[in-house]
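Here is the structure we will look at.
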Amino acid sequence: MSEPARSQLPAGPRMPAVLQTAIWIRKAQWLMDTCQARFGDMFTLKMANEGEWVVTSDPGVIKQAFTGDPSKLHAGEANQILLPVLGYNSVLLLDDERHLSERKLLLPPFHGARMQRYGELMGRVAAEEIERWPLGEPYPLRPRMQALTLEIILRAVFGIVEGPRMELLRERLRHFLDLSTSPLNMAILGALGSERFQRFPLFRREMDAVDAPVYEEIAQRRGAGDLAGREDIMSLLLQATHDDGAPMSDVEVRDELMTLLVAGHETTANALSWAIERLCRHPEKLARLRDEVAAGEEVYLKAVVQETLRLRPVISIVLRKLQEPMEFGGRLLPAGASIVPSIYLVQRRADIYSRPDEFIPERFIEAEGGKAPGTYTWIPFGGGVRRCLGAAFAQFEMETVLRELVLRRELAPARPGAEPVQRRSITETPRHNAAVIVARRPCAGSDAPARSRSTAAQPVNG
Ligand code: HEM
């Protein structure tokens, strides 16, 4: 048997790490395209404070990264930048046994079958939001999508809707989340590092203002007589127990709730914005979508969501940091380097997707000669034991919002041409915020849209 090559990082750009990092922050997708054209399916980027990233678009190597031993391939370590907001117990930041243990507790609320329960909530929040939009003038939808997805995740997570405590929490969270995505704060966080940043008095004050009503709600809910009958995620977590029978502590619950809020709203808002941006520029596909959802069909709707997440992934990469030297693609990579499946590059491979740069939802419809998304070639939600816990929730939410939207409103792009991709903290967004011109549909009033099966489901405690 031939020996694997010794500690061989694939080739990559020669420029200093700090320059590579600066380009990455501004233009990650451009950098990956350029490197792939020059170095092939596996190349090395050098990132300031992070070390070497071996970026890959080879489905075989991606499979190996997703199915390899998680104790040797850490993902939590790579997310430490989020520590000040998410806390030490966040599933996103943990590795090894503690990660699996937290993940197990979080899985039941996100089980596919439970999604139907969130359907009514999602449809109702979407309808209220859409009815408020101005008509006949350029209107950037991304900020509205962000407000919408925050409201949905807030209600799904906390279950409560009205009351002064919820109002306070909603207001403080909105303010805090705006602050946490501001480029200035990201830069300070990068410069100080997460441990020092979280002790920074200004940050502490803002975080404590959010935490106070969260802890109050946790205390109140623990003692609530109807806890066992509640469906919201917080109530489910308060009833969950670790393998040794111990319930989750307050701080553990707080950290996971913040994780779900942060991981769950901006990502979904951007994905929805891209779906609208793409559909507006393909009026024939928008018309087909509208006709099919009006007839109660779901196949095209699902394909539109899958194709949007393929062509415009909101997260471009995932990381696994090697805890010991490991072989990938015939090369022995050193401990400390990260293997980095590129969501963006693999989902644009011409040998897997014909006309990869075009928006073609039909490619995912088997009855039309398409193929179901592949586990290692369609990876907008990552994979393996770290695959996004909210994947079913996010897709269901996208479907529900799009359904409400196309049934209630006509949409046209507010600007000619495709919107370029722009980085916003760690997500990729449409540069002009999915600017559209909204018009009322003939005969479409607030009660007009046909209610589908999913929006007729039970409310989630509210
Ligand atoms: C379109 C929307 C979304 C996208 C594109 C997305 C994408 C991702 C990606 C790429 C990862 C990392 C996976 C990996 O390392 O293999 C992830 C992790 C995660 N996501 Fe999402 N996400 C979305 C929505 C959501 C929602 C709605 C929630 C919760 C309500 C959520 C909760 C999480 C959590 C908890 C993790 C950490 C899983 C773990 O480390 O075990 N995400 N997501």
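Numbers here simply count residues along the sequence, with the first being 1. Read the numbers this way: they start at 1 and go in the same order the structure lists the ligands and their atoms.
- Checked against a 3.5 angstrom limit, the closest N/O atoms of G264 and ligand 1 fall outside it.
- Checked for salt-bridge contact, K321 and E50 miss the test: no charged N lies under 4.0 Å from a carboxylate O.
- Backbone and side-chain nitrogen or oxygen atoms of T259 are examined, and none is located within less than 3.5 angstrom of a nitrogen or oxygen of ligand 1.
- Both the backbone and the side chain of V91 come within 4.0 Å of ligand 1, judged by heavy-atom distances.
- A donor-acceptor pair is defined here as one N or O able to donate and one able to accept, closer than 3.5 Å; such a pair exists between the side chain of W378 and the backbone of Q306.
- Contact annotation: for E428 versus ligand 1, there are no heavy atoms closer than 4.0 Å.
- Under 4.0 Å from ligand 1, the heavy atoms of V385 that appear belong solely to its backbone.
- The shortest heavy-atom distance from H99 to ligand 1 is under 4.0 Å.
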With ring-ring contact (aromatic ring centres under 6.0 Å, His included) as the test, would you mind laying out the steps for F393 and Y118 before giving the verdict?
-> CA-CA 8 Å; F393 187 95; Y118 300 124; 5.3 Å; yes
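- Polar contact with ligand 1: present for R103 (N/O pair, distance under 3.5 Å).
- At a 4.0 Å heavy-atom cut-off, ligand 1 does not touch A75 at all.
- Proximity to T268 (heavy-atom distance under 4.0 Å) selects the following atoms of ligand 1: 1 (C), 2 (C), 24 (C), 27 (C).
- The structure places CD1 of I343 at 10.5 Å from CD of E428, a figure rounded to the nearest 0.5 Å.
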